[in-house]
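Note sheet for the following structure.
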Amino acid sequence: MNIPADLKYTNDHEWIKVEGNIATIGITDFAQSELGDIVFVEVETIDEDLEKEEVFGSVEAVKTVSDLMMPVSGKVIEFNEAIESNPELVNSDPYNEGWMIKIEVADSSELEDLLSADQYKDLIG
Amino acid sequence: MKNTALTQKHIDLGAKMVPFAGYNMPVQYEGVNVEHMTVREGVGVFDVSHMGEFFLRGPKAIDLIQKVSSNDASKLFDGKAQYSCLPNNEGGIVDDLIIYKISDEEYMLVVNASNIEKDWNWISSHNDMGVEMENKSDEYSLLAIQGPKAAEAMQSLTDTNLKEMVYYTFEQGTFAGVENVFISATGYTGSGGFEIYFKNDDAEKIWDAVFEAGKDFGIQPIGLAARDTLRLEMGFCLYGNDISDSTSPLEAGLGWVTKFTKDFVNSEALAKQKEEGVSRKLVGFELVDKGIPRHDYIIVDSEGNDIGIVTSGTMSPMTKKAIGLGYVKTEFASPGSEIFIQVRNKALKAEVKKPPFIEK
């Protein structure tokens, strides 16, 4: 299971990569493998200010739909349009081409609550 | 939880296993879309040994079958199979099943795994005519070998001429060196192929032989997830989703297996329903807006009035369109009708369409 060391993680199997006050968010390799083939990612919260753990979108696999949750509070500024037409990118490349949204981080102190790669590895066993 | 005779094979292949109808079953191996396309374009193998097999024997076997089933089993001949329903007394369906006529005095009934006990009790309760009944579900394995290349890929394993077999016929023959295998030209995918019934003791031998024979044809194991997307692209009903104890066969579009040429359980009430017309119908639909319909989502009209409920939904791996089945009020049931699927806080536009959802 691929868990890049330079990312932060959540208990909901999302990853977050912070550059300055901008963060990129996606789901982990473990999450995509558990979901199976992803057929649709919906994000309709562009320009919205959302709280930590608020739902920013949903991911539909063949058999299930799951909510996507904000790892930290912030404003949604971009949705990865590539996955709108090619949702399978989330399966094939969850940490790069399969990213989901970019946000402006509202409170960088919340980043400290996130899991490190090692902690996330322990979580998924 | 029960295992099939092939559970270890699936685990060794790296399948994701899930509990289904009390069995530990492979839901996917490589991925549902890839597996789906393997069946549509080549050949794939499903272990569906969880399905139930009942044998009914004796001179009155046909009378019991005619009493409990909705289709007309008197049309069967030796080696012919028939899709049918077991109606209940309340207008609903106990189960859907396939009835195989082995001889005048012997039939095999293949039922859904989740309903084995219910069906057994139901049929037994109508057996006041001394029919010998035997539940062989735990002794039989079933492989569905499906896809356009199935006949060619499996021909080396049997003398039965697979390519010449007519849909919904079967033979008892030798398969992979095992005698008395039921080779049935049936399936739940719409891509052609066979269902092979045999004793559990032969399961590993047959499984290995099937993969060896199919190797040059790109044969792959297929999980239950693709079984569901394949049947849904064809608009085939799934018991527990699209049909149930509380849906009438006439509402479900199963009028073609509900024959009033004979008396059967609840036939009078169903005949009356046919005459008066049903108030809701099971229809296929394709989403116009983006989203995926799911079981139990509400169907509304353009004004937001509740007009029905989704019973199955998925993204079609073939067309990449979101498709589903659901019950709607009869006035919305004709192809082309505009309906809306309530997905969380939105009403997504959809169009009623007669399945199959793919070009045959």
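Quick note on labels: first sequence line is chain A, next is B, and so on, each numbered from 1.
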Salt bridge or not for [X] and [Y], using N-O below 4.0 Å?
X	Y	value
A:K52	A:D113	yes
B:D289	B:K346	no
B:R231	B:D242	yes

Any idea which heavy atoms bring A:N91 and A:I38 closest together, and the distance? OD1-N, 2.8 Å
Closest non-hydrogen atom pair between A:V76 and A:T45, with its separation: CB-O, 3.3 Å
Of the backbone (N, CA, C, O) and the side chain (C-beta and beyond), which part of [X] lies under 4.5 Å from a heavy atom of chain B, both, or neither?
X	answer
A:E84	both
A:E42	side chain
A:S33	backbone

Under 4.5 Å heavy-atom distance to chain A, tell me which part of B:K320 shows up: side chain, backbone, both or neither. neither
Checking heavy atoms, do the side chain of B:V27, its backbone, both or neither come under 4.5 Å from chain A? neither
In terms of heavy-atom pairs under 4.5 Å with chain A, which of B:G291, B:A225, B:G313 leads? B:G291
In terms of heavy-atom pairs under 4.5 Å with chain A, the winner among B:H295, B:Q28, B:K16 is B:K16
Does anything in residues 7-21 of chain A pair up under side-chain hydrogen bond (donor to acceptor under 3.5 Å, both in side chains), and if so which pairs, sequence neighbours excluded? A:H13-A:Y120
